[in-house]
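Input: a single structure, listed below in structure tokens.
Read the numbers this way: they start at 1 and go in the same order the structure lists the ligands and their atoms.
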Amino acid sequence: MIKVITYGTYDLLHEGHINLLRRAKELGDYLIVGVTSDSFDRGRGKLNVRNNVLERVDAVKATGYADEIIIEDYVGQKIDDIQKFGIDIFAIGSDWKGKFEYLNEYCKVVYLPRTEGISSTMLRAKTTTDINIGIIGTGRIAGRFISESKYVSGVEVTSVYNPKLSEANVFSEKFAVKGRYDDIDSFLEKVDAVYIASPHLTHYGYIKQALLFGKHVLCEIPMVLRGDEAKELYELARKKNLVLLEASKTAFSPAWNHLQVLVKSGVIGDVIDVKASLSKLVSGDVRELDANQAGGSMTELSSFPLMSIVKLLGMDYAELNFHSKIVNGVDVFTRGVINYDNATSSITLGLGVKTEGNLVISGTKGYVLVPSPWWLTNYFEVRYEDQNLNQKYFYAWQGEGLRYEIQEFASMIVQGRISSYKLSWIESVTIAGIIEEYIKGDRTKILK
Ligand code: CTP
């Protein structure tokens, strides 16, 4: 019996897939089809797949050509499968010509003719009209947003707004964004959604204006610096049936999501303590150190650490206190303690003090260590008393990592979901509330 194997995503199953499967089946007596898992696709940067793995498996099954369907979940699995199933022929479309020569060592490799003029990518493009995004603010992160948005299908950055037209012009030339505006109303009229990357203190006003104009909003961290403001804006978004999402990029990354489900499923027992640190030394005449522009370690750096604590321990904290070192009216160092009835947590932040930027989650059975820079999570370890049980997890953090939040924002808009479990509105409100408590100052001791 000749056994054949082939692999693919098979999203929005089309004639090209059916021809390929028929040809593969004709090469032998028994055809195994490997369908990629959702997380495998996400991990290799394929973020726009429409059908989930169950739907894609069903679609392949319905063609009637597969004798057996398996899930492809990791790099290198093809070699394992070929040996495990005793495969004679590995078949794949001719668009992959030359890419699988390394499998010749294990079986025969056949490149089958690809059907011209059709692909899942083409079908995905046909079935959506792009979400037209406008950017408010033209700083460094705005430029990165543009390059990252190219990895997400169904979105296009079409306009940019800056109250100084000259700056909007420079940005629009540099990043080939057509629309450039210094008038916010004309700008908002032209877009479906906005990404706000302006200075912190302008966020509240821009978010409100955009929502009142009926536009979805993705806003950079920290979204706002007060819990009541955050609540008001989310309520407005809900009333108008619009998406408002805080762009806390780590919250949307595949590695962070996996870490969270592992912890929630009890691999380290009950979580008793979370320690998150983040420091970035800056000096001179910069926004981060300017009290008038809400500079300081807490406003600049606390969003990711607080996100991790709120995601892991929840929103019902019992006690808050802070210690800060203040220079020229801004906290160049802050250590915050957020205690719960059943757990403790702390954040260590520095703009003028350097520290190890890692995350440690301690539990009754073991702990998770995410080494610095933990907010770009691409590797973490689950460690136990018995070191033989330790597990290491590796992930690809693609590019600047903004593509994951853009993908979530776009899919919320398309599916009409106004809250994301990856960072819910109430979690975002809680984070703003903790920053607000810090700014009020009653819970802060100043270091001499
Ligand atoms: N295939 C084909 N003819 C097409 C499209 C795909 O023969 N017109 C083959 C591929 O070469 C591969 C298999 O179908 O062997 C599964 O490919 P997959 O990547 O799932 O399909 P695409 O339509 O190419 O998807 P995408 O556009 O997302 O890359």
Test item, Met122 contacting ligand 1 (heavy atom, 4.0 angstrom):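 It does not; every heavy atom stays at 4.0 Å or beyond.
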Close approach, Glu116 and ligand 1, non-hydrogen under 4.0 angstrom: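 It does not, in that no heavy atom of Glu116 comes within the 4.0 Å cut-off of ligand 1.
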Identity and distance of the protein heavy atom lying nearest [atom]:
{"atom": "atom 3 (N) of ligand 1", "answer": "Arg114 CG, 3.1 Å"}
{"atom": "atom 9 (C) of ligand 1", "answer": "Leu20 CG, 3.7 Å"}
{"atom": "atom 20 (O) of ligand 1", "answer": "Tyr10 N, 2.8 Å"}

Which ligand 1 atoms are under 4.0 Å away from a heavy-atom of [X]?
{"X": "Ile118", "value": "4 (C), 5 (C), 8 (N)"}
{"X": "Gly93", "value": "11 (O), 15 (O)"}
{"X": "Ser120", "value": "21 (O), 22 (P), 23 (O), 25 (O), 26 (P), 27 (O), 28 (O)"}
{"X": "Ser119", "value": "23 (O), 27 (O)"}
{"X": "Asp95", "value": "10 (C), 11 (O)"}
{"X": "Thr9", "value": "20 (O)"}

Separation between CD1 of Ile207 and OG1 of Thr202, rounded to the nearest 0.5 Å: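 Answer rounded to 0.5 Å: 9.0 Å.
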Atom NZ of Lys354: over 12 foreign heavy atoms under 6.0 Å: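 Above 12, so yes.
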Side chain to side chain, His200 and Glu300, heavy atoms closer than 4.5 Å: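 His200 reaches Glu300 side chain to side chain.
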Candidates Glu381, Glu385, Gln387 - the one meeting side chain to side chain donor-acceptor pair (under 3.5 Å) with Arg383: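 Filter result, single survivor: Glu381.
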Geometric cation-pi criterion, Lys78 with Phe100: 6.0 Å, 45°: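 Relative to the ring axis of Phe100, which defines the angle, Lys78 lies outside at least one limit.
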Option set Lys46, Lys97, His17, criterion heavy-atom distance to atom 19 (O) of ligand 1, minimum: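 Considering heavy atoms of Lys46, Lys97, His17, the nearest to atom 19 (O) of ligand 1 sits in Lys46.
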Polar proximity ligand 1 side, Thr121 side, N/O cut 3.5 Å exclusive: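 The answer is yes, given that Thr121 and ligand 1 share an N or O pair closer than 3.5 Å.
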Pair Arg22-Thr63, side-chain hydrogen bond (donor to acceptor under 3.5 Å, both in side chains): steps then yes or no: CA-CA 9 Å; Arg22 191 187 62 249; Thr63 66; over 6 Å; no
Candidate pair Tyr181 and Tyr161, rule ring-ring contact (aromatic ring centres under 6.0 Å, His included), full reasoning: CA-CA 5 Å; Tyr181 297 89; Tyr161 165 82; 8.3 Å; no
Among Phe409, Tyr195, Phe171, the one residue meeting ring pair (Phe, Tyr, Trp, His ring centres under 6.0 Å) with Phe145: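 Exactly one option meets the ring pair (Phe, Tyr, Trp, His ring centres under 6.0 Å) with Phe145, and it is Tyr195.
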